[in-house]
Structure formats: C-alpha cells, structure tokens
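As the structure is a prediction and not an experimental result, all values here were calculated from the model.
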Amino acid sequence: IDVSSGINAEYGHHKDDPPKPEDEENMEKRTDDIDSWDQDFLKVDQGTLFELILAANYLDIKGLLEVTCKTVANMIKGKKAEEIRKAFNIKNDFTPEEEEQIRKENEWCEDP
C-alpha cells in the first residue's frame, strides 16, 4: 500500500469509532489490543510501516499513530538487543566494554 491510500483506508475503517477517553495518562498501556482489521492492514514492509508512523504523527492522527507504534512494539517485545538490531538493520556502535557496562547497569530488567 502507499501511505496516502493507507491513511484513507484506516480512516474509512475507523470513521465511526467512538472517541477514546481523554484521560490517557491513567490508561493501561497495552499492545495486545489491536483489532484484526488493523493487524491485517499493517502487514506491510517496515519502510511502509515507518512511513505510516511519520504521516500519522505529522497529520496528528492519534488512532493510526497508536496502532502503528503498538505494531512496532510487538515486533520488539521479547527480543534480545541483537535480535532487534537484526530485525531493524541497526548497527551496533557500542564497544564490547560499553555493551558490557550497559548490560550490568540493566541486569534488573533481564529475564532470570
């Protein structure tokens, strides 16, 4: 899909949705609540997904921004740093010493 037709499709699908509550500060942040239409719609290549995120942010389309960011979060969830780097083609620019220091500082968030 191209970005503009994607935005139109997303808007068309959600145009009659009730507004979300204003108090987003106290809402539980979940990534497992993406409806099946959105899941299918967002089965696109990474470049298109990130273009949709940028467009949704620029055009202030909160629902689209939320669902695209949740999709990326789900792509990251449960992966180790090296797996994330590989999935998103991110170059590791840490020295082995820097990486070890970061691991020590963040041991608390690792699975036992």
Legend entry - Non-neighbouring partners of Asp93 that pass salt bridge (Lys or Arg N to Asp or Glu O under 4.0 Å), sequence neighbours left out: none
Legend entry - Flag, side chain of Glu82 to backbone of Asn92, donor-acceptor distance under 3.5 Å: no
Inset, instruction - Using side-chain contact (heavy atoms from CB on, under 4.5 Å) as the criterion, list what pairs up with Thr95, not counting sequence neighbours. - result: Glu97, Glu98
Inset, instruction - Could you grab the distance from atom OG1 of Thr48 to atom CG of Leu42, nearest 0.5 Å is fine? - result: 10.5 Å
Legend entry - Atom pair OG1 (Thr68) and CG (Leu52), whose distance is rounded to the nearest 0.5 Å: 7.0 Å
Inset, instruction - Check the hydrophobic clustering (I, L, V, M, F, W, Y; side-chain heavy atoms under 4.5 Å; chains of links allowed) and say if Phe88 and Phe94 are grouped together. - result: no
Inset, instruction - Mind checking salt bridge (Lys or Arg N to Asp or Glu O under 4.0 Å) for Arg103 and listing every partner two or more places apart, or none if nothing turns up? - result: Glu99
Inset, instruction - State which residues pass side-chain contact (heavy atoms from CB on, under 4.5 Å) with Lys79; sequence neighbours excluded, sorted by chain then number. - result: Glu83, Ile84
Legend entry - Flag if over 12 foreign heavy atoms under 6.0 Å of NZ, Lys86: no
Inset, instruction - Name all residues meeting the side-chain hydrogen bond (donor to acceptor under 3.5 Å, both in side chains) criterion together with Asn89; count only those two or more places apart in sequence or in a different chain, and write none if there are none. - result: none
Legend entry - Nearest-0.5 Å distance, OG1 of residue Thr71 to CD of residue Gln46: 12.0 Å
Inset, instruction - Hydrophobic side-chain clustering at under 4.5 Å (ILVMFWY, transitive links): who's grouped with Leu54? Put none if nobody. - result: none
Legend entry - Of all pairs that satisfy salt bridge (Lys or Arg N to Asp or Glu O under 4.0 Å), the ones with a partner from residues 34-45, not counting sequence neighbours: Asp40-Lys43
Inset, instruction - Under the side-chain contact (heavy atoms from CB on, under 4.5 Å) rule, collect the residues that match up with Asn106, sequence neighbours excluded. - result: Ile102, Trp108, Cys109
Inset, instruction - Any chance you could measure Asn57, atom CG, to Lys62, atom NZ, to the nearest 0.5 Å? - result: 9.5 Å
Inset, instruction - Not counting sequence neighbours, which residues clear side-chain hydrogen bond (donor to acceptor under 3.5 Å, both in side chains) with Glu100? List them please. - result: none
Inset, instruction - Under the side chain to side chain contact (heavy atoms under 4.5 Å, CB included) rule, what do Leu59 and Leu64 come out as? Steps first, then yes or no, please. - result: CA-CA 10 Å; Leu59 297 170; Leu64 180 58; over 6 Å; no
Inset, instruction - Indicate the atoms forming the closest heavy-atom contact of Gln39 with Ile34, along with that distance. - result: NE2-O, 2.6 Å
